[in-house]
Novice: 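Quick one: the structure is below, questions incoming.
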4 protein chains.
Amino acid sequence: MSPKRVDKAARKQEILAAAVRVFARKGFAASRIDDVAEEAGIAKGSVYLYFDSRDALLEAAFSQYTADADAIVAQALNSTDPPLERLALLVRGTIDVIAGAPDLARTLLDLWATDHMRPAYKAYREAVAELIAQIRPGLGLPHATVIVGAIEGVVLQWLVDPEVPIADLAGPVLEVVVEGLRERA
Amino acid sequence: MSPKRVDKAARKQEILAAAVRVFARKGFAASRIDDVAEEAGIAKGSVYLYFDSRDALLEAAFSQYTADADAIVAQALNSTDPPLERLALLVRGTIDVIAGAPDLARTLLDLWATDHMRPAYKAYREAVAELIAQIRPGLGLPHATVIVGAIEGVVLQWLVDPEVPIADLAGPVLEVVVEGLRERA
Amino acid sequence: MSPKRVDKAARKQEILAAAVRVFARKGFAASRIDDVAEEAGIAKGSVYLYFDSRDALLEAAFSQYTADADAIVAQALNSTDPPLERLALLVRGTIDVIAGAPDLARTLLDLWATDHMRPAYKAYREAVAELIAQIRPGLGLPHATVIVGAIEGVVLQWLVDPEVPIADLAGPVLEVVVEGLRERA
Amino acid sequence: MSPKRVDKAARKQEILAAAVRVFARKGFAASRIDDVAEEAGIAKGSVYLYFDSRDALLEAAFSQYTADADAIVAQALNSTDPPLERLALLVRGTIDVIAGAPDLARTLLDLWATDHMRPAYKAYREAVAELIAQIRPGLGLPHATVIVGAIEGVVLQWLVDPEVPIADLAGPVLEVVVEGLRERA
DNA sequence: CATGAATGAGTCTTCATTCAT
DNA sequence: TATGAATGAAGACTCATTCAT
């Protein structure tokens, strides 16, 4: 009847973190449950005390990712700042979160092949569309798709090539997207 | 010995094409040698007469893809039109090619997880940097990364969600990127 | 030290009873120690305080079952009634007991696959042989095997198909076995 | 394109026969795919070229069993002999088939725990009911259940104890069931 | 060249058993 | 005594690769 020392939720987080590190290192497809267990310093079978299956681990990693991302988006959009300010918040927030958790970010490569990101991106686009409609009439979902694309596309390039200086790119994203490339009068 | 009806190189190409179709359909991780053989209309063992291993097949499929992609970019950039025109060509060309071969495009999701795209994207960014430097001084590699990001990011969203109207997005990409979102005076 | 609230033997019996219920429900092969522990309302590890292993638990469950079965048979045979009467008692007793504990009966399916029933059935046949020899000279072990077979075979059919009305079949068993099918003069 | 030497159907039969031998030796629950493969003299993976799963092997064993059994029943019932003759045919046929294939018979112990035998036994009982109704009015399904029970119950005892002389028991079954135990006037 | 049956290493998952608390 | 987290051996199933024909 004595309560066990182990905090189940904490242990679950440890394993998930270990899994994310492994996924980041080798990709989900090449990650074995043994790898995750070893990274977490436990026996293979113990992973199953906390996650139902290998897929459940990816699932959990995904949830963790989108939870963070959603928070950023929500925060940026619910502010009362002027729209351009909020757009800047959004871009900076997203990129900071991603750059701050490279391992988690790497799982995006696997997540994209899933259809878990579909609703997330859809909501993201719609929120941005609403935001930019306040900047200038005539801006809508297509342009929002471009904004989201610029952010995620910059991340993508960093994932493909770690030398891309992701942390420094929030500025350029905003410059290009807000001011455009064309020479001003 | 007269040459056989089917020459080796051609047969190898057929298998490669079949492999790409299969990879596009189910992703690389879920594609079996059996699937490729069936798609190519030959026996499983025969695949090994042309490719040393599953990985070699992958490698070949990836190389073919990047070669195609490189050609698009080169073509757009080597024109003598004014820079903004060439940018437009590039954006439209890339998106048209990708939207025109949806099956092939799916392969990108796997490609990104390899490092085959690293040099391709690097060259892509550098070429775009050179191009936009001609539009306005002060524009450079960071902005080029955003441009490439916007293009690839829009494609990414379409891969994640087929309802994203990729074919209609070349225009919005250019609008945002060239003119910016900000209200003009 | 005053005796603990629950004495060891009683607790052991509780666990055994729980085990039998579980085995009856799902069959032995599909029964997990966890299931037994849960049915007994204790922790999995505690089962091992009373039984050395899963097999020991099985063994105990089987022994309990055969002990019960032997008691039935002994009781029916030790009466001083005339032979046909005792045969009727035996058939009715056996079927009533089995039909009265359907959960327990399911265990028979597993028991048959072990050799725990071998001596029990042997004794059963011999006792019946002795009994029927008093009904008519010339009747012996082969006929006893048929009698026991008819009883157990009817039970078997009920285990295979719960719609077989086991509770109503003691009569027909006796009719067939005592009177035979043939039209009497 | 050259046709392979191996007759797939024959090979499948070989594996099934090997499986039945293994099942007979250790019971289905304790039988490993490795055991079956070794018994068949092939590699573990090869079993899966012919059977989808371990369960499919039991399934196949079952089908083989009931095919034989059904044939016996059908043959006995479709004869034009007088009813008592046909009953004798049925009892002798069933017991001969079972006694002639002890390995296959042993799988009955596993089959019974499945619900595959439910419809088979139901049909068996109904056929016998029809048959005995021709022997004497008033005989019906309950008595048929007893007949089937006597046959299967005798087999059961032989499975539990190989010393039970199954091959010699068709006679006693008929004697008891046709004539009854009671002393005739 | 082509075939496709055969192989067996590799992986996920389960679960009896142990043991620190 | 009791607990239940942890362990790791075992087993089903997959599939890249080989090779006899």
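So that the names make sense, note that chain A is the first sequence line, chain B the second, and so on, each numbered from 1. Bear in mind the structure is a predicted one, so any value in this text is a computation, not a measurement.
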Novice: Looking at A:D70, I'd like to know if its CG atom is crowded, meaning that more than 12 non-hydrogen atoms belonging to other residues, nucleotides or ligands lie closer than 6.0 Å.
Specialist: yes
Novice: Among E:dC1, F:dA16, E:dA2, which is the nearest nucleotide to the side chain of B:R11?
Specialist: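 Nearest nucleotide to the side chain: E:dA2.
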Novice: Within the pair B:Y48 and E:dA2, is there a side-chain N or O less than 4.0 Å away from OP1 or OP2?
Specialist: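 No, no such contact exists.
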Novice: Rounded to whole Å, please give me the gap between CZ in B:F51 and P in F:dT18.
Specialist: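 From B:F51 CZ to F:dT18 P: 16 Å.
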Novice: Between B:E38 (CD) and F:dC15 (C1'), how many Å, whole number?
Specialist: 15 Å
Novice: Check every atom of E:dC12, E:dT7, F:dT1 against the side chain of A:D34 and return the nucleotide holding the closest atom.
Specialist: E:dC12
Novice: Where the side chain of A:D161 meets the backbone of A:W158, is there a donor-acceptor pair that is under 3.5 Å apart?
Specialist: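 Not a single qualifying donor-acceptor pair exists.
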Novice: Over how many whole Å does the gap from C:L58 atom CG to E:dA16 atom C1' extend?
Specialist: 13 Å
Novice: Could you say whether A:S46 or B:G45 is positioned toward the 5' end of DNA chain E, judged by the nucleotide with the nearest heavy atom to each?
Specialist: B:G45
Novice: Picking from F:dA16, E:dA5, F:dA12, which would you name as closest to the side chain of B:I33?
Specialist: F:dA16
Novice: Taking the basic N atoms (NZ, or NE/NH1/NH2) and the acidic carboxylate oxygens, is any pair closer than 4.0 Å for B:K44 and B:E38?
Specialist: no
Novice: Tell which nucleotide pairs with E:dA20, taking only Watson-Crick or G-U wobble pairs whose two distances are both under 3.5 angstrom.
Specialist: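 Partner of E:dA20: F:dT3.
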Novice: Which sits closer to the 5' end of DNA chain E, D:I42 or A:R32, going by the nucleotide each is nearest to?
Specialist: D:I42
Novice: On DNA chain F, nearest-nucleotide positions of B:S31 versus A:V47: which is more 5'?
Specialist: A:V47
Novice: Can you find a donor-acceptor pair, distance only, under 3.5 Å between C:K44 side chain and E:dT17 base?
Specialist: yes
Novice: Examine distances only and state if a side-chain atom of A:R54 and a backbone atom of A:S31 form a donor-acceptor pair shorter than 3.5 Å.
Specialist: yes
Novice: As a test of reading the structure: which of E:dT13, F:dC13, F:dA16 is closest to the side chain of A:R54, going by heavy atoms?
Specialist: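 Nearest to the side chain of A:R54 among the choices is E:dT13.
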Novice: From F:dT1, E:dT7, E:dA16, pick the nucleotide closest to the side chain of C:K8?
Specialist: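 Nearest nucleotide to the side chain: F:dT1.
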Novice: Partner lookup for E:dT13, please. Criteria are Watson-Crick or G-U wobble with both distances under 3.5 angstrom; report none if nothing qualifies.
Specialist: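 Across any shown strand, E:dT13 pairs with F:dA10.
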Novice: Nearest whole angstrom, please: distance from the C1' of F:dT17 to the CG of D:L49.
Specialist: 14 Å
Novice: How many Å lie between OH on C:Y50 and C1' on F:dT3, as a whole number?
Specialist: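 Rounded to the whole Å, the gap is 12 Å.
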Novice: Using whole Å, report how far NZ of B:K12 lies from C1' of E:dA2.
Specialist: 17 Å
Novice: Given atom CG of C:D52 and atom P of E:dT17, what is their separation to the nearest angstrom?
Specialist: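 So the two atoms are 10 Å apart, to the nearest Å.
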Novice: May I ask you to say whether C:D115 pairs ionically with C:R118, meaning some side-chain N is under 4.0 Å from a carboxylate O?
Specialist: yes
